[in-house]
Amino acid sequence: MKIELEVNGKKRELNIEPRRTLADALREDLGLTGTHLGCEHGVCGACTVILDGKAVRSCLMFAAQCGGREVRTVESLAADDGTPHPLQAAFVAEHGLQCGFCTPGFLMLVTAALEGDPDIVEDEERLRELLTSNLCRCTGYEGIRRAVVRAAGDMKAFS
Amino acid sequence: MKPAPFDYRAVGSPQEAVSALAERPGEARVLAGGQSLVLEMNYRRERPKLLVDINGISELERIEEEGGVLWVGALVRHRDFEEPVSADPLGRLLSRVSRYIGHPPIRTRGTMAGSLAYAHPVAEWPAVAVALDAGIELLGPDGPRAVSAGDFFLRPFATACRPGEMITGVRLPLLGENSGVGFAEQRRTQASFALVAAVATLTVEDGTITAARIGLAGVAGRPIRAREAEEYLLGSPLSAEAFAEAGRRAVRETDPLPEPHAGVAYRRHAVGVLAGRALEQAAADLEGRA
């Protein structure tokens, strides 16, 4: 079946089987391999992307459901000249990653959360709950938590 | 880890959905939030030949309060309950419970009705539905019908929803002003499935309990109501002793299945403790607003 959707600000056409997950469509059909696939059943969160402003598991949605909708992946974060997004810079500064496998999922999870409500970093419990959404086996999460807090401050300062 | 092939149909109304389901009797499934169904399809434990996507049916996104009942459409997401959807204590109960479901991205997509249809034996919404005696509205080829939650859940992952039928909405009774709500759950980690969960509501007049509801998940093949414990509480004051005794009575009404992370004896113990805690929370909820 044919669908048209917007990915990272560009209209894209896809001719896909209905069983194609959004994650596989992004990776295999559009070559956007920044979105990672870990568990493929919604637990690890490596495949998290932003669909119409909300963070979702792209392994638990079919691309067929995304006609006419807007998808943002990790490839959309850095500026055109390669300058990292403030959140990416904060992940580097605070040791928010080691192997990097989970990083795209965390970046999109947190980007959607900060866009929806930057004050989430003021509420330790809500921030902790947000970060339990995804799995990281390297950092112990503390670096990620610090990175989110730092990025929220940086993003406020820039805006 | 990739689903088996299927046909896909996005529909715009419940009637259209039912017509589509009828095209492939027994082989079609409704796709709402998909946070359990797509997982099962990825594992190929589910291999529907046709997926009927109801996400475009905007009338099913509504929540309405009328005549002492909160009506929740089949597309209302878990996340929609995080801020109380009603000024009635029911709004607080749904808000409290919603935070135990999956994690934020799952809650963004998953729906209350979908959780009922999936009927996971330790899922939160089925326990709430049974505790409150919710009405589950179904639409099928023979028209609409409603099934009470007590009759809806049959076994793990099995409900009274027939092939060809879909859930259109859930009717939850408001609890009334003098009511308090509680919810307690035991699980291994923050994001694990529950092992045992307890829902409690208490209604009080002049310091005496006039209505009590206790719903339990993970203590039998389906969610149950601890009716003997509820009856014991009627006419009693709000007291820690009464709640502990109600918890002990609730244990007698359970028939837990053994499971690697929680044996039968452990579950029976845990359910008594959790039922007591949910009741204490309900009492604190009442007193907090007194």
Side-chain angles (χ1 to χ4, degrees), chain A residues 1-3 16-25 28 37-69 105-106 108-113 116-117 120 125-135 141, chain B residues 1-11 28-56 75 77-80 82-83 98-111 114 118 187-193:
Chain A
M1 61 183 286
K2 282 191 178 153
I3 59 160
I16 41 149
E17 273 189 279
R19 63 168 163 165
R20 197 67 143 169
T21 61
L22 174 59
D24 281 337
E28 308 291 333
L37 272 170
C39 72
E40 294 185 77
H41 63 275
V43 172
C44 77
C47 70
T48 305
V49 299
I50 300 178
L51 178 72
D52 290 344
K54 291 174 180 163
V56 300
R57 302 290 205 236
S58 61
C59 72
L60 293 186
M61 287 199 69
F62 296 110
Q65 297 177 268
C66 300
R69 307 183 69 174
F106 268 105
M108 300 322 282
L109 173 81
V110 172
T111 298
D117 177 13
I120 190 166
E125 209 33 60
R126 275 179 63 214
L127 179 57
R128 190 198 313 268
E129 187 193 22
L130 176 74
L131 296 180
T132 64
S133 300
N134 288 17
L135 291 180
Y141 300 93
Chain B
M1 296 301 285
K2 308 292 178 192
F6 57 85
D7 291 328
Y8 170 85
R9 184 89 48 82
V11 295
R29 292 295 300 264
V30 171
L31 176 63
Q35 303 300 285
S36 301
L37 177 61
V38 179
L39 177 167
E40 297 286 357
M41 289 172 66
N42 285 352
Y43 274 110
R44 299 203 179 192
R45 289 192 292 241
E46 289 280 353
R47 294 164 175 253
K49 294 282 191 289
L50 171 67
L51 267 197
V52 178
D53 184 353
I54 64 167
N55 282 281
L75 281 178
R77 319 278 166 179
H78 307 309
R79 204 151 197 185
D80 297 330
E82 285 184 9
E83 292 299 319
S98 69
R99 293 176 181 276
Y100 285 83
I101 298 171
H103 19 63
I106 300 291
R107 282 179 226 151
T108 297
R109 296 288 310 160
T111 63
Y118 186 51
R187 48 183 171 178
R188 289 185 302 136
T189 72
Q190 168 95 24
S192 299
F193 281 96

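Naming convention: chains lettered A, B, ... in sequence-line order (proteins, then strands); numbering from 1 in each chain.
You'll find the side chain of A:Arg57 reaches within 4.5 Å of the side chain of B:Ile106, heavy atoms only. Inter-residue side-chain proximity for A:Glu40 and B:Lys2 is flagged as met; some heavy-atom pair is nearer than 4.5 Å. Annotation: side chain of A:Glu129 is not in contact with side chain of B:His103 (no heavy-atom distance under 4.5 Å). Residues A:Gln65 and B:Leu31 have side chains in contact (heavy-atom distance under 4.5 Å, counting atoms from C-beta outward).
The CG atom of A:Leu51 sits 10.0 Å away from the OG1 atom of B:Thr108 when rounded to the nearest 0.5 Å. For the atom pair CG (A:Leu37) and CE (B:Met1), the distance works out to 9.5 Å, reported to the nearest 0.5 Å. Between the CE atom in A:Met61 and the CZ atom in B:Arg109 there is a gap of 3.5 Å [rounded to 0.5 Å]. A distance of 10.5 Å separates CG of B:Asp7 from CD of A:Glu17, quoted to the nearest 0.5 Å.
No part of B:Arg9 comes within reach of chain A, as not one of its non-hydrogen atoms sits under 4.5 angstrom from that chain. With a threshold of 4.5 angstrom between heavy atoms, B:Leu51 approaches chain A through side-chain atoms but not through N, CA, C or O. With a 4.5 angstrom heavy-atom cutoff, B:Arg79 does not touch chain A via any of its atoms. Interface remark: A:Ser133 contributes backbone and side-chain atoms alike to the contact with chain B (heavy atom separation under 4.5 Å).
Note on B:Gly34, B:Pro5, B:Ala4: by heavy-atom pairs under 4.5 Å with chain A, the leading option is B:Pro5.
Judged by distance alone, with hydrogens and angles left aside, the side-chain atoms of B:Asn42 form a donor-acceptor pair with the main-chain N or O of A:Cys59 at under 3.5 Å.
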